[in-house]
Protein chains: 2
Amino acid sequence: MNIKEVAARAGLPAKTIRYYEEIGLIRPLRGANGYRSFRDSDLHKLAFLGRARSLGFSIEECRALLALYEDQSRASSDVKALAGKHLDQIAAKIRELQEMQATLQQLVGACAGDQRPDCPILQGLADPAGLTRIKTDCCA
Amino acid sequence: MNIKEVAARAGLPAKTIRYYEEIGLIRPLRGANGYRSFRDSDLHKLAFLGRARSLGFSIEECRALLALYEDQSRASSDVKALAGKHLDQIAAKIRELQEMQATLQQLVGACAGDQRPDCPILQGLADPAGLTRIKTDCCA
DNA sequence: TCTTGACCTTCCAGTGACTGGAAGCCCCAT
DNA sequence: ATGGGGCTTCCAGTCACTGGAAGGTCAAGA
């Protein structure tokens with residue numbers, strides 16, 4: 001299989017596949033012409049990587065997952081620990097974004113959005129006391 | 001004010017402040033010795049930037065916000081539109097993370113996490129049908 | 001006066017995970 | 001032989017910093 005076909009099948013850009021080889025995630029064979037020659041096992045690894053990446057695992061986490069996947073004597077507790085740690089990171093990121101969202105929603109909600117220059121959003125950014133005041137008014 | 005003091009007051013690393021000058025977000029004066037000399041207005045801008053960044057606005061969005069902040073004849077609708085677009089992005093990101101979270105939670109929940117190699121997490125990553133099956137089992 | 005140490009400067013390189021593009025083979029069909 | 005698509009490598013850019021080296025400046029103490 002040449003790179004274009006494996007890219008289509010794995011659902012990854014060819015560029016990304018070359019990059020994954022460069023950083024040692026896969027090691028496709030090479031034909032006499034220098035072209036990469038992908039086996040089914042390469043395709044499977046790439047699809048695995050694509051799914052792990054789409055779940056937000058970092059490249060290094062993907063490398064560890066792939067190593068566990070290939071290790072027949074792995075303990076599922078190791079996989080679960082890795083995934084659990086990642087879940088914690090996702091949860092933390094969600095909380096962080098929700099805090100941003102809440103603050104910003106209050107500012108946007110307080111802004112008239114008309115032709116006048118007065119703007120609680122800019123006031124909130126310029127002065128955290130103002131921002132707090134809005135919150136206080138809202139929740140009081 | 002020298003950079004260290006303004007950094008402490010604005011709550012930003014000195015490195016970041018130099019970077020913000022480099023990309024034209026601020027233009028502090030210079031003393032005869034070549035040191036940056038920050039006015040109160042620079043400090044205010046830096047604090048503004050720090051808050052906007054902490055709400056997830058990109059540097060270019062911050063640049064636009066700062067321009068609106070300085071433009072006395074702005075329309076608050078412009079600010080509200082910018083903030084609203086950013087809120088949409090935040091909401092989209094949260095949804096994306098929640099989808100990852102849901103999928104990963106199902107996989108982690110199905111994994112025994114013991115000394116045996118059998119692992120639904122790896123199976124789910126290796127084979128989306130397996131992943132779907134888990135979901136189906138769960139929701140059926 | 002000299003020295004020490006904290007502070008300041010610039011410049012260069014690296015992060016993560018790609019992505020775009022240029023220059024140049026290779027292969028197949030016409 | 002020519003054209004077009006596919007393949008190769010390498011370099012540069014993204015975003016928002018961050019670390020570190022090399023060197024100038026300043027104020028306080030011996």
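Values in this document were obtained by computation on a predicted structure and should not be read as measured data. Each chain gets a letter, A, B and so on, in the order its sequence line appears, and its residues count up from 1. As a basis for the values below, the full set of heavy atoms in this structure was taken, side chains included, without hydrogen atoms, waters or symmetry mates.
Applying the side chain to side chain donor-acceptor pair (under 3.5 Å) criterion to A:R95, with sequence neighbours excluded, gives no partner residue. With sequence neighbours excluded, the residues that form a side-chain contact (heavy atoms from CB on, under 4.5 Å) with A:Q115 are B:A75, B:S77. A search for salt bridge (charged side-chain N to carboxylate O under 4.0 Å, His left out) contacts involving A:D114 returns A:R116, not counting sequence neighbours. B:R9 meets the salt bridge (charged side-chain N to carboxylate O under 4.0 Å, His left out) test with B:E5; sequence neighbours excluded. Judged as a salt bridge (charged side-chain N to carboxylate O under 4.0 Å, His left out), and not counting sequence neighbours, the contacts of A:R63 are A:E60.
Here the range on DNA chain C touched by chain A, meaning any atom under 4.0 Å from one of its heavy atoms, is C:dA17 to C:dC27.
Note on residues 64-85 of chain A: pairs passing salt bridge (charged side-chain N to carboxylate O under 4.0 Å, His left out), not counting sequence neighbours, are A:K45-A:E70. Among pairs with a residue in residues 100-112 of chain A, none fulfils salt bridge (charged side-chain N to carboxylate O under 4.0 Å, His left out), at least two apart in sequence or across chains. Each salt bridge (charged side-chain N to carboxylate O under 4.0 Å, His left out) pair with one or both residues in residues 15-33 of chain B, not counting sequence neighbours, appears once here: B:E21-B:R30, B:E21-B:R36.
Contacts between residues 30-49 of chain A and DNA chain D, defined by a heavy-atom separation below 4.0 Å, involve A:R30, A:G34, A:Y35, A:R36, listed by number. Of the residues in residues 16-23 of chain B, those placing a heavy atom less than 4.0 Å from an atom of DNA chain D are B:T16, B:Y19, B:Y20, in numerical order.
Here D:dC26 presents its P atom at 16 Å from CD1 of B:I3, a figure rounded to the nearest Å.
Helix-axis bend for the helix from C:dT1-D:dA30 to C:dT30-D:dA1: the local axis fitted to the five terminal pairs at one end deviates from that at the other end by 40°, rounded to 10°.
Hydrophobic clustering (side-chain heavy atoms under 4.5 Å, transitive across Ile, Leu, Val, Met, Phe, Trp, Tyr) keeps A:Y35 apart from A:M1.
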Query raised in the report: So B:T16 and B:Y20, side-chain contact (heavy atoms from CB on, under 4.5 Å) or not? Walk me through it.
Result: CA-CA 6 Å; B:T16 298; B:Y20 286 175; 3.5 Å; yes
